[in-house]
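Contents: one structure, followed by commentary.
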Amino acid sequence: MPPVLEPVVPLSARRRPVPRWLRRTTGPLLLLVLWQVSSATGVLPSDILASPGTIAGTASDLLQDGTLPHAMLVSVQRVLIGLLIGGVVGVALALISGLSRLGEDLVDASVQMLRSIPWVGMIPLFIIWMGIGEAPKIALIALGVTFHLYLNVYAGIRGVDAQLIEAGTALGLGRWGLIRHVVLPGALPGAMTGLRYSLATAWLALVFGETINADDGIGFLLNRAREFFQTDVIVVCLIVYAALGLLADFIVRTLERLLLQWRPNFTGK
């Protein structure tokens, strides 16, 4: 009988690929184990950094007594109000400057000048103007959000392909028709990028804003823990900041997938 030929299977094809989620979690898990071992053996003293077990217990206590949920609710409310105000102002200024040369001449230079001022340095003036209540905290967040959205929306408007404008004009679209059907959809990717930057800036501004005589919020817990050297509470607050930031970024990325389905993306190889 003639020999039976078997197909040659590459060695790489015989190996079962490691799931990507497992590869992505390996590094953080190893770091967490190293952290716990260092704390248990005394290499990392608790007054320098609490152990993961202690931090988990502290987080559980703060959740059960309602301290952490209330602080998160207050901080998220501040971010949302500041994001709304800054978003409306930033997008409005970008539309005025991006859609009109006259608007650009009147708006862009002033915005660029104000953008060069560190917004954190505005805290003393905000306190003088608005007191030490909620207003300066929200104003600080709104200020940081405004510039990111302005720059990205403005760049998105001015980055629309001129050939699309010509095609829309040839199809009989007027000025407002071009703006609605060509310019604004073309500027949407830039606007979503600006929103992602704005959310990151909003959480950063919140950290600074909640140092202004705050009596609630995550920043208040953070500052109080610093005074009493409670490293476990400090780490819990930092983890909450990171988790809320990741959640906000996930929401924006989901919006991008829904609103920008027409745009092909490179996802890596």
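- Remark: the backbone N or O of A56 is not paired with any side-chain donor or acceptor of S60 at under 3.5 angstrom.
- Rounded to the nearest 0.5 angstrom, L106 CG and S97 OG are separated by 9.0 Å.
- Considering CG of D108 and CZ of R101, their distance stands at 14.0 Å, rounded to 0.5 Å.
- Side-chain contact check for I81 versus I85: some heavy-atom pair is nearer than 4.5 Å.
- By the 6.0 Å contact criterion, CD1 on I132 is open, its count of non-hydrogen atoms from other residues, nucleotides or ligands being 12 or less.
- Residue V33 belongs to a hydrophobic cluster whose other members are V37, with links defined by side-chain heavy atoms closer than 4.5 Å.
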Evaluate V76 against L80 for side-chain contact (heavy atoms from CB on, under 4.5 Å), listing each step before the verdict. CA-CA 6 Å; V76 169; L80 291 178; 3.9 Å; yes

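- Annotation for V88: hydrophobic cluster partners, listed by chain and number, are L84 (ILVMFWY side-chain heavy atoms under 4.5 Å, direct or chained).
- A pairwise comparison of heavy atoms in I157 and A94 identifies CD1-O, 3.8 Å as the closest pair.
- Taken to the nearest 0.5 Å, the CD1 atom of I138 stands 11.0 Å off from the CG atom of L140.
- In this structure, N223 CG and D215 CG are separated by 12.0 Å, a value rounded to the nearest 0.5 Å.
- The CE atom of M72 sits 9.0 Å away from atom OG of S75, with the distance rounded to the nearest 0.5 Å.
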Output, in order, the C-alpha distance, side-chain angles, deciding distance and verdict of side-chain contact (heavy atoms from CB on, under 4.5 Å) for L199 and L83. CA-CA 8 Å; L199 282 169; L83 184 66; 3.5 Å; yes

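- Under the ring pair (Phe, Tyr, Trp, His ring centres under 6.0 Å) criterion, the residue pairs touching residues 196-227 are H148-Y197, with sequence neighbours excluded.
- For Q77, the CD atom is loosely surrounded, since the number of other residues' heavy atoms within 6.0 Å does not exceed 12.
- Both I55 and L68 are members of a single hydrophobic cluster when ILVMFWY side chains are connected at heavy-atom separations under 4.5 Å.
- Minimum heavy-atom separation, G131 to P136: O-CG, 3.3 Å.
- A pairwise comparison of heavy atoms in L149 and G87 identifies CD1-CA, 3.3 Å as the closest pair.
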Would you give me the side-chain donor-acceptor pairs under 3.5 Å for residues 183-190, sequence neighbours excluded?
none

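- Scanning all heavy atoms of the two residues, the minimum distance from V145 to G86 falls at CG1-C, 3.8 Å.
- Judged by distance alone, with hydrogens and angles left aside, the side-chain atoms of S116 form a donor-acceptor pair with the main-chain N or O of M113 at under 3.5 Å.
- The shortest side-chain heavy-atom distance between Q112 and L151 falls under the 4.5 Å cut-off.
- L31 and W35 are not part of a single hydrophobic cluster, where members link through side-chain heavy atoms under 4.5 Å apart.
- No chain of hydrophobic side-chain contacts below 4.5 Å, direct or via other Ile, Leu, Val, Met, Phe, Trp or Tyr residues, connects L73 to L221.
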Would L206 and K137 satisfy side-chain contact (heavy atoms from CB on, under 4.5 Å), going step by step from the backbone distance to the final call? CA-CA 7 Å; L206 177 69; K137 304 176 181 62; over 6 Å; no

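- Going from atom CZ of R78 over to atom CD1 of I141 covers 8.0 Å, rounded to the nearest 0.5 Å.
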Which side-chain N or O atoms in residues 232-254 pair as donor and acceptor under 3.5 Å with protein atoms at least two apart or in another chain?
unit_1: D232; atom_1: OD2; unit_2: T58; atom_2: OG1; d: 2.7
unit_1: Y241; atom_1: OH; unit_2: E210; atom_2: OE1; d: 3.2
unit_1: Y241; atom_1: OH; unit_2: G219; atom_2: N; d: 3.2
unit_1: D249; atom_1: OD1; unit_2: R196; atom_2: NE; d: 3.0
unit_1: D249; atom_1: OD1; unit_2: R196; atom_2: NH2; d: 3.1
unit_1: D249; atom_1: OD2; unit_2: R196; atom_2: NH2; d: 3.4
unit_1: T254; atom_1: OG1; unit_2: F250; atom_2: O; d: 2.8
unit_1: T254; atom_1: OG1; unit_2: R257; atom_2: NH2; d: 3.4

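- Under the ring pair (Phe, Tyr, Trp, His ring centres under 6.0 Å) criterion, Y154 pairs with Y150, not counting sequence neighbours.
- Residue L222 is grouped with residue I48 when hydrophobic side chains (ILVMFWY) are merged at heavy-atom distances under 4.5 angstrom, including chains of intermediate members.
- Criterion: ILVMFWY side-chain heavy atoms under 4.5 Å apart, direct or through other members. Under it, L63 and V74 are not part of a common hydrophobic cluster.
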